[in-house]
Protein chains: 2
Amino acid sequence: MFSQACKYAIRAVLYLAVHASAGKKVGVKDIAAALDVPKYFLAKILQQLSRNNLISSTKGPSGGFYLSEKNLEATLKEVVECIDGPDVFNACILGLPVCSSENPCPLHIQAFAYREGLHYQLKHQAIGDLAKRIEREEQKI
Amino acid sequence: MFSQACKYAIRAVLYLAVHASAGKKVGVKDIAAALDVPKYFLAKILQQLSRNNLISSTKGPSGGFYLSEKNLEATLKEVVECIDGPDVFNACILGLPVCSSENPCPLHIQAFAYREGLHYQLKHQAIGDLAKRIEREEQKI
DNA sequence: TAAATAAAAGATTTTTTTGTCTTTTATTAT
DNA sequence: ATAATAAAAGACAAAAAAATCTTTTATTTA
Ligand code: FES
Ligand code: FES
């Protein structure tokens, strides 16, 4: 479903939503250590998210990454599409050129439900709200 | 979700279920052409399925691949796991070391629900029955 | 202003996946 | 038996994804 880079991206964004803020930025090194993820690879991913204004950062001492108020209002759908491209939620599970309910492949019905359920949550839940739930329910990242 | 190899495997098996039989075997070249899939790569995949007794084959003139009665009773779950390994349906969508409802990641609920939906169909539907539905509903492969 | 810090950017390497080609082996039909 | 056929197996190449290292740029604190 998601590339390795995308998995790291989602986890890093959620980590920032929970543990960082404009007043308490956190560096790649710390994030990588907390998530047990390759440091340099994560840095690349964070740069890409930053370029696309999905996360915020400042350089220099006491710098690092965090989510602005604006960033917290975005959704994971945007994060996912930033890393894995815009077709993640529209592609046929068998790799056929188009996915459609009118002309479905044999796995379409289940696959479509699978994707849409996930897609719906990722599209409609703000990252900030998700973070609150993670803290409330003590979910792992 | 599925690797490219696995997608080809599923499609090839379904193609065989619909178009081949013990009396009418079909060669890699024909399958590859029909599915528009790289010939030599498909050959590798079919060999692996054959070694694991998920499809049948004979060499030589008028030889080729087909599904025996036994093969038709197997499920796509077995095909998938033969190619992509046994963890496909148990892995956390974020790549966390374990996926469990007791200690879920933030995407677990959706991911699990729909993954299980797919898993259930692939596990409980015999390939032969699936093939009948494909013919009945004229689904694409 | 200078030194220290941390992200941004660029270049490279490694690993995995995908795809190709060649040789061998088994089977069949002549 | 022999020739033709097609899968099996092995070796190889290309492309993509993942991971690493180095240099540059911006920022802050002393
Ligand atoms: S057509 Fe294959 S998943 Fe929709
Ligand atoms: S724990 Fe992540 S999908 Fe189940």
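Chain identifiers are assigned alphabetically (A, B, ...) following the order of the sequence lines, protein sequences preceding nucleic acid strands; residue numbering begins at 1 within each chain.
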Check your understanding: With no hydrogens and no angle check, do the side chains of Lys25(A) and Ser62(A) hold a donor and an acceptor under 3.5 Å apart?
Key -> no
Check your understanding: Could you give the CD1-to-C1' distance, from Ile83(B) to dT18(C), as a whole number of Å?
Key -> 13 Å
Review point. Distance-only, no hydrogens or angles: does the Asp36(B) side chain make a donor-acceptor pair with backbone N or O of Ala32(B) under 3.5 Å?
Key: no
**Study point:** Pairs involving residues 85-110 of chain B, ordered by first then second residue, that meet ring-ring contact (aromatic ring centres under 6.0 Å, His included) (sequence neighbours left out)
**Key:** Phe89(B)-His119(B), His108(B)-Phe112(B)
Practice item. Output the residues of residues 9-22 of chain B in contact with DNA chain D, where contact means a heavy atom of the residue under 4.0 Å from an atom of the strand; sort by number or write none. Key: none
Exercise for review: Return no unless some side-chain N or O of Arg51(B) is found under 4.0 Å from OP1 or OP2 of dA7(D).
Suggested key: no
Point to revise | Spacing between Asn52(A) atom CG and dA9(C) atom P, to the nearest angstrom | key: 11 Å
Point to revise | Pairing residues for Tyr40(A) by the ring pair (Phe, Tyr, Trp, His ring centres under 6.0 Å) criterion, not counting sequence neighbours | key: none
**Study point:** Tyr8(B) side-chain N/O to dT18(C) phosphate OP1/OP2 under 4.0 Å
**Key:** no
Check your understanding: Which ones in residues 27-34 of chain B lie close to DNA chain D, meaning a heavy atom under 4.0 Å from one of its atoms?
Key -> Gly27(B), Val28(B)
Practice item. Take atom CG of Leu46(B) and atom P of dA8(D), then tell me their distance rounded to the nearest Å. Key: 8 Å
Check your understanding: Hey, are Tyr8(A) and Gln4(A) close enough side-chain-wise for a donor-acceptor pair under 3.5 Å?
Key -> yes
Point to revise | N/O donor-acceptor pair under 3.5 Å between Asn90(B) side chain and Cys99(B) backbone | key: no
Practice item. Can you tell me the distance, in whole Å, between the CZ atom of Phe41(B) and the C1' atom of dA11(D)? Key: 16 Å
Review point. Atom CD of Gln47(B) to atom C1' of dA6(D): distance rounded to whole Å?
Key: 11 Å
Check your understanding: How long is the line joining CD1 of Ile45(A) and C1' of dA8(C), in whole Å?
Key -> 15 Å
Review point. Rounded to the Å, how far apart are Lys39(B) NZ and dA6(D) C1'?
Key: 12 Å
Check your understanding: Is the side chain of Gln48(B) donor-acceptor paired with the backbone N or O of Cys82(B) at a distance under 3.5 Å, no angle test?
Key -> yes
Expected list for residues 134-141 of chain B: side-chain donor-acceptor pairs under 3.5 angstrom, two or more places apart:
from      : atom 1 : to        : atom 2 : distance (Å)
Glu137(B) : OE1    : Gln139(B) : NE2    : 3.4
Lys140(B) : NZ     : Val98(A)  : O      : 2.8
Lys140(B) : NZ     : Asn103(A) : O      : 2.8

Check your understanding: Of all the nucleotides listed (dG19(C), dA7(D), dA7(C)), which has the minimum atom distance to the side chain of Gln4(B)?
Key -> dG19(C)
Point to revise | Phosphate OP1/OP2 of dA7(C) contacted by Ser50(A) side-chain N/O (<4.0 Å) | key: no
Practice item. Ignoring hydrogens and angles, tell me if any N or O in the side chain of Glu78(A) forms a donor-acceptor pair with the backbone of Thr75(A) under 3.5 Å. Key: yes
Practice item. Output yes when a side-chain donor or acceptor of Arg11(B) lies under 3.5 Å from a complementary backbone atom of Gly95(A), and no otherwise. Key: no
Review point. Under 6.0 Å from the NZ atom of Lys29(B), do we count more than 12 heavy atoms belonging to anything else shown?
Key: no
Point to revise | Contact pattern, 5' to 3', of nucleotides 21-30 of chain C - B, S or - by protein heavy atom under 4.0 Å | key: BB--BBBBS-
**Study point:** Length of the CG-P vector between Asp36(A) and dA19(D), whole Å
**Key:** 11 Å
Exercise for review: Give me the one residue out of Val28(A), Val26(A), Leu49(A) that meets side-chain contact (heavy atoms from CB on, under 4.5 Å) with Phe65(A).
Suggested key: Val28(A)
